[in-house]
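By convention in this document, chain letters (A, B, ...) are assigned in the order of the sequence lines, proteins followed by strands, and residues within each chain are numbered from 1. Keep in mind that this is a model prediction, so the values were computed, not measured.
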There are 2 protein chains.
Amino acid sequence: MTVAQPTGDELVEMLAALANPLRLRIMAKLAEGRDYVSHLAREIGVSRPLLHMHLQRLEAAGLITGSFELSDDGKAMKYYEVAEFDLHLTAAALVAAAQTLTSSEPTTGPAPKERSR
Amino acid sequence: MTVAQPTGDELVEMLAALANPLRLRIMAKLAEGRDYVSHLAREIGVSRPLLHMHLQRLEAAGLITGSFELSDDGKAMKYYEVAEFDLHLTAAALVAAAQTLTSSEPTTGPAPKERSR
DNA sequence: GACACCTGTCAGGCTTTTCTTACACGTGGA
DNA sequence: TCCACGTGTAAGAAAAGCCTGACAGGTGTC
């Protein structure tokens with residue numbers, strides 16, 4: 001209740017972001033505590049560029065937030081942490097979400113005809 | 001409460017199935033009432049083969065169920081309806097789900113080294 | 001027979017996602 | 001200077017997803 005419901009498009013983006021084993025693992029790891037990119041990559045066991053890509057996807061979906069910070073020895077570290085979210089997926093929720101979808105409206109394209117042979 | 005929680009792999013499949021505008025629309029339409037393939041295709045405005053593919057994906061994820069029925073005039077109709085599901089996605093839920101993931105265990109692959117130049 | 005419906009599936013093409021490898025830049029310490 | 005750590009990003013290959021068009025079969029009605 002405290003969280004605003006996402007639009008249909010936003011919901012699709014969030015679901016797509018979570019629908020990946022590696023990203024699910026990333027979310028789980030960050031849920032245990034914030035971390036910076038290189039350390040997280042070693043922790044999970046993936047290459048840093050790959051993790052970077054997945055973090056971008058998660059951040060774009062609004063599931064995590066990144067912030068730059070300077071460590072004691074002057075290195076620029078990018079810390080990520082999970083954002084607050086609470087998605088409740090039920091049949092009724094999907095009906096509501098589908099009404100706010102923008103991509104390829106059913107009214108846009110002419111109904112594809114199919115001749116019976 | 002009444003629904004058993006899916007494993008991590010199952011959750012990923014369910015999320016992937018829902019993370020698509022067209023499939024979201026299909027779910028929303030079926031939530032308003034069961035329907036058969038050809039009619040649903042006309043209703044939504046997509047080709048029947050395409051709808052067939054998406055229905056398979058949704059059924060494989062356990063979100064809908066299909067059943068064959070014979071109409072009054074002897075035609076074989078395949079009716080689909082939404083299955084009962086209730087996914088509650090929170091940070092804690094993702095932690096639990098990630099523990100039951102099978103694909104590409106973090107312990108399997110050796111940590112990819114990266115030489116600094 | 002020709003047509004109206006219903007079902008399924010396959011081949012091909014296009015787009016998107018996923019991942020690796022390699023490069024670029026920065027700081028601080030021996 | 002060289003090395004260790006941090007950051008980002010771009011190119012290319014491999015795989016997966018999405019979609020169209022055409023084909024196969026079935027039933028019942030005009």
Side-chain angles (χ1 to χ4, degrees), chain A residues 12-13 15-26 34-61 66-80 103-104 106 108-117, chain B residues 12-13 15-26 34-61 66-80 103-104 106 108-117:
Chain A
V12 168
E13 192 174 9
L15 294 177
L18 292 175
N20 176 288
L22 181 49
R23 283 196 291 267
L24 203 55
R25 240 186 276 275
I26 293 171
R34 63 204 293 272
D35 202 352
Y36 63 95
V37 185
S38 286
H39 183 250
L40 186 58
R42 285 190 298 265
E43 200 76 11
I44 299 183
V46 295
S47 72
R48 192 176 50 79
L50 181 58
L51 178 63
H52 183 267
M53 190 203 64
H54 286 300
L55 288 174
Q56 274 193 325
R57 203 118 155 56
L58 288 169
E59 188 172 27
S67 59
F68 252 108
E69 290 179 26
L70 281 164
S71 66
D72 293 343
D73 50 346
K75 294 202 191 84
M77 323 277 280
K78 185 142 195 187
Y79 276 87
Y80 279 98
S103 68
S104 54
T108 299
K113 302 177 203 164
E114 193 188 3
R115 258 199 54 248
S116 39
R117 67 175 290 269
Chain B
V12 168
E13 192 174 10
L15 293 176
L18 292 175
N20 177 286
L22 181 48
R23 282 197 291 268
L24 204 55
R25 240 186 275 276
I26 293 171
R34 63 205 294 270
D35 202 352
Y36 62 95
V37 184
S38 286
H39 183 251
L40 186 58
R42 285 189 296 266
E43 200 77 10
I44 300 184
V46 294
S47 71
R48 193 175 51 78
L50 180 58
L51 178 62
H52 183 267
M53 193 202 60
H54 286 302
L55 288 174
Q56 276 193 323
R57 205 120 153 53
L58 288 170
E59 186 171 29
S67 60
F68 252 109
E69 289 179 26
L70 282 164
S71 66
D72 293 343
D73 50 347
K75 293 203 193 84
M77 323 276 281
K78 184 141 194 187
Y79 276 86
Y80 279 98
S103 68
S104 53
T108 299
K113 302 176 203 163
E114 192 187 3
R115 257 198 53 249
S116 38
R117 65 177 291 270

Q. Rounded to the Å, how far apart are A/Asp73 CG and C/dG28 C1'?
A. 7 Å
Q: Take atom CE of B/Met77 and atom C1' of C/dA4, then tell me their distance rounded to the nearest Å.
A: 13 Å
(Q) Which nucleotide wins on minimum distance to the side chain of A/Tyr36, given the candidates D/dT7, D/dG21, C/dC6? (A) D/dT7
Q. With side chains defined as the heavy atoms from C-beta onward, is the minimum distance between A/Val46 and A/Ile26 less than 4.5 Å?
A. no
**Q.** B/Leu70 CG to D/dT27 P, straight-line distance once rounded to whole Å
**A.** 11 Å
Q) Closer than 4.0 Å, any side-chain N/O of B/Arg42 to the OP1 or OP2 of C/dC6? A) yes
**Q.** Rounded interatomic separation in angstrom, taking CG from B/Leu51 and C1' from D/dT20
**A.** 14 Å
Q: Could you tell me which residues satisfy ring pair (Phe, Tyr, Trp, His ring centres under 6.0 Å) with A/Tyr80, sequence neighbours excluded, listed by chain and number?
A: none
Q. Can you name the side-chain hydrogen bond (donor to acceptor under 3.5 Å, both in side chains) partners of A/His52, sequence neighbours left out?
A. none
Q.
Given D/dT7, C/dG8, C/dT9, identify the nucleotide with an atom nearest to the side chain of A/Arg48.
A. D/dT7
Q) In whole Å, what is the span from the CZ atom of A/Phe68 to the P atom of C/dT27? A) 13 Å
Q | Side-chain N or O of A/His52 closer than 4.0 Å to phosphate OP1/OP2 of D/dT7 | A | no
Q: Find which nucleotide of DNA chain C each of A/Gly74 and B/Gln56 is nearest to by heavy atoms, and output the residue with the more 5' nucleotide.
A: B/Gln56
Q. Hey, is the side chain of A/Lys78 poking within less than 4.0 Å of OP1 or OP2 on D/dG8, counting only N and O atoms?
A. yes
Q: Mind checking side-chain hydrogen bond (donor to acceptor under 3.5 Å, both in side chains) for A/Ser71 and listing every partner two or more places apart, or none if nothing turns up?
A: A/Asp73
Q. Who are the side-chain hydrogen bond (donor to acceptor under 3.5 Å, both in side chains) partners of A/Glu69, not counting sequence neighbours?
A. A/Arg34
Q: Could you please name the option among D/dG28, C/dG8, D/dG6 that lies closest to any side-chain atom of B/Val37?
A: C/dG8
Q | Gap between atoms CG and C1', on A/Asp35 and D/dG6 respectively (whole Å) | A | 13 Å
Q) Pick the nucleotide of DNA chain D nearest each of B/Lys75 and A/His39; which residue has the one closer to the 5' end? A) A/His39
Q | Rounded distance (Å) that lies between atom P of C/dG8 and atom CG of B/Leu40 | A | 12 Å
**Q.** Protein-to-nucleotide contact annotation, 5' to 3' order, nucleotides 13-19 of chain C [B base; S sugar-phosphate only; - none; under 4.0 Å, heavy atom]
**A.** ----SBB
Q. Base, sugar-phosphate, or nothing for B/Glu69, non-hydrogen atoms under 4.0 angstrom?
A. nothing
**Q.** B/Ile44 CD1 to D/dC19 P, straight-line distance once rounded to whole Å
**A.** 12 Å
Q: Only counting residues at least two apart or in another chain, list the ones meeting side-chain hydrogen bond (donor to acceptor under 3.5 Å, both in side chains) with B/Asn20.
A: none
**Q.** Minimum-distance pair of heavy atoms, taken over all atoms of A/Leu51 and A/Ala41
**A.** CD2-N, 3.4 Å
